[in-house]
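All values derive from a computational prediction rather than experimental measurement.
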Amino acid sequence: MKACKIMSIIALVGFSFGLMAATVPEEKIATLRLAPLDVELTPPAMQKVINSDVKQVRNYPMQPPIIPHKIDGYQIDLKVNKCMQCHARNSTGHSQAPMVSVTHYMDRDNNFLASLSPRRYNCTQCHVPQLDANLLVENDFVDVKELMKESSKAEH
């Protein structure tokens with residue numbers, strides 16, 4: 001019985017290596033590179049960051065707000081959070097920046113904290129600046145407002 005298990009494992013491993021060794025024809029490889037894999041392409045130029053300080057409309061209810069300005073060189077680590085120099089409650093008076101949400105001062109059990117929650121400390125984990133760039137791929141995203149219009153039309 002034990003020998004049968006060992007033989008089965010050896011056969012399975014051999015079969016796996018056989019699959020890995022099989023080559024996939026180049027026309028079967030899906031890629032966004034638009035060039036063969038062995039060709040080194042010149043990377044596209046860096047896109048400009050939208051730096052207007054104008055709030056962008058959110059596309060869905062729980063979308064984190066987009067950063068409407070450049071954040072190049074902003075330091076966010078255990079000791080420094082450059083974002084909070086303007087967006088902390090005490091700083092919004094002089095900066096005129098919106099205060100971070102009160103949810104950023106809550107722990108996992110919904111208790112309010114005196115300072116920013118460690119789980120919300122890394123701003124760029126959810127918030128990103130917007131680029132002035134064309135879409136790399138088409139998408140069929142439909143705003144929730146449009147979905148609600150379609151839903152109300154279907155009900156009547």
Side-chain angles (χ1 to χ4, degrees), residues 12-89 91-92 95-110 112-113 115-156:
L12 186 60
V13 169
F15 180 70
S16 298
F17 280 119
L19 284 178
M20 290 172 43
T23 59
V24 177
E26 200 166 301
E27 65 270 6
K28 296 273 186 180
I29 298 173
T31 176
L32 296 176
R33 298 182 79 231
L34 304 175
L37 293 175
D38 59 347
V39 173
E40 181 102 16
L41 297 176
T42 303
M46 297 290 288
Q47 302 296 320
K48 290 179 66 174
V49 174
I50 295 175
N51 194 25
S52 63
D53 275 341
V54 175
K55 284 184 181 179
Q56 302 289 316
V57 175
R58 297 183 198 196
N59 293 310
Y60 54 93
M62 299 305 287
Q63 176 189 349
I66 293 172
I67 301 171
H69 56 80
K70 289 183 176 181
I71 59 168
D72 298 344
Y74 275 33
Q75 183 179 357
I76 301 173
D77 57 34
L78 288 175
K79 296 182 178 177
V80 177
N81 183 328
K82 173 77 173 166
C83 302
M84 296 307 287
Q85 286 184 354
C86 296
H87 295 280
R89 184 179 58 80
S91 304
T92 56
S95 69
Q96 296 298 301
M99 186 183 107
V100 295
S101 169
V102 293
T103 58
H104 291 53
Y105 291 91
M106 297 168 68
D107 66 10
R108 292 178 191 273
D109 299 321
N110 293 332
F112 283 99
L113 306 171
S115 60
L116 196 62
S117 171
R119 68 187 182 127
R120 303 289 185 117
Y121 190 80
N122 185 357
C123 304
T124 54
Q125 185 173 346
C126 298
H127 304 277
V128 293
Q130 190 72 35
L131 298 177
D132 184 20
N134 294 327
L135 295 175
L136 292 176
V137 293
E138 295 294 323
N139 76 57
D140 55 359
F141 176 81
V142 179
D143 190 288
V144 68
K145 187 176 177 181
E146 297 300 321
L147 290 174
M148 291 173 69
K149 279 183 188 175
E150 294 297 321
S151 175
S152 67
K153 285 180 186 175
E155 290 176 2
H156 296 287

message = Set out, in order, the CA-CA distance, both residues' side-chain angles and the distance that settles side-chain contact (heavy atoms from CB on, under 4.5 Å) for V102 and F112, then state yes or no.
response = CA-CA 8 Å; V102 293; F112 283 99; 4.1 Å; yes

Can H87 and T92 be said to form a side-chain contact (heavy atoms from CB on, under 4.5 Å), step by step?
-> CA-CA 6 Å; H87 295 280; T92 56; 5.6 Å; no

| said: Is there a side-chain contact (heavy atoms from CB on, under 4.5 Å) between V100 and Y105? Walk through the geometry before answering. | reply: CA-CA 9 Å; V100 295; Y105 291 91; 3.5 Å; yes

Determine whether L131 and V49 satisfy the following criterion, side-chain contact (heavy atoms from CB on, under 4.5 Å), listing intermediate values before the conclusion.
CA-CA 4 Å; L131 298 177; V49 174; 3.7 Å; yes

Throw together a table of side-chain donor-acceptor distances under 3.5 angstrom for residues 70-81, partners on residues two or more places apart or in other chains.
unit_1: Q75; atom_1: NE2; unit_2: D77; atom_2: OD2; d: 2.6
unit_1: D77; atom_1: OD1; unit_2: K79; atom_2: N; d: 2.9
unit_1: D77; atom_1: OD1; unit_2: V80; atom_2: N; d: 2.8
unit_1: N81; atom_1: OD1; unit_2: C83; atom_2: N; d: 3.0
unit_1: N81; atom_1: OD1; unit_2: M84; atom_2: N; d: 3.3
unit_1: N81; atom_1: ND2; unit_2: Y121; atom_2: O; d: 2.9

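Taking each heavy atom of H69 and P129 in turn, the nearest pair found is O-CB, 3.9 Å. Residues K55 and P98 approach most closely at CE-CG, 4.3 Å, considering heavy atoms. Minimum heavy-atom separation, P118 to L113: CD-CD1, 4.4 Å. Between Q47 and D132, the shortest heavy-atom distance links the atoms OE1-O, 3.3 Å.
Although no hydrogens or angles enter the test, the distance criterion places no donor-acceptor pair under 3.5 Å between the side chain of H104 and the main chain of L116. Without hydrogens or angle criteria, Q63 side chain to N59 main chain gives a donor-acceptor distance under 3.5 Å. Side-chain atoms of S95 come within 3.5 Å of backbone N or O of S91 as a donor-acceptor pair.
When side chains are defined from C-beta on, R58 counts as touching P65, because their heavy atoms get closer than 4.5 Å. Side-chain contact between L147 and D143 is absent, with no heavy-atom pair separated by less than 4.5 Å.
How far SG of C86 is from CE of M99: 14.5 Å, rounded to the nearest 0.5 Å. In this structure, SG in C126 is found 13.0 Å from CD1 in I66, a value given to the nearest 0.5 Å. In this structure, OG1 in T103 is found 4.0 Å from CZ in R120, a value given to the nearest 0.5 Å.
With a 6.0 Å radius and a threshold of 12 heavy atoms from other residues, nucleotides or ligands, R119 has its CZ atom above the threshold.
Partners of E138 under the salt bridge (Lys or Arg N to Asp or Glu O under 4.0 Å) rule, at least two apart in sequence or in another chain, do not exist in this structure.
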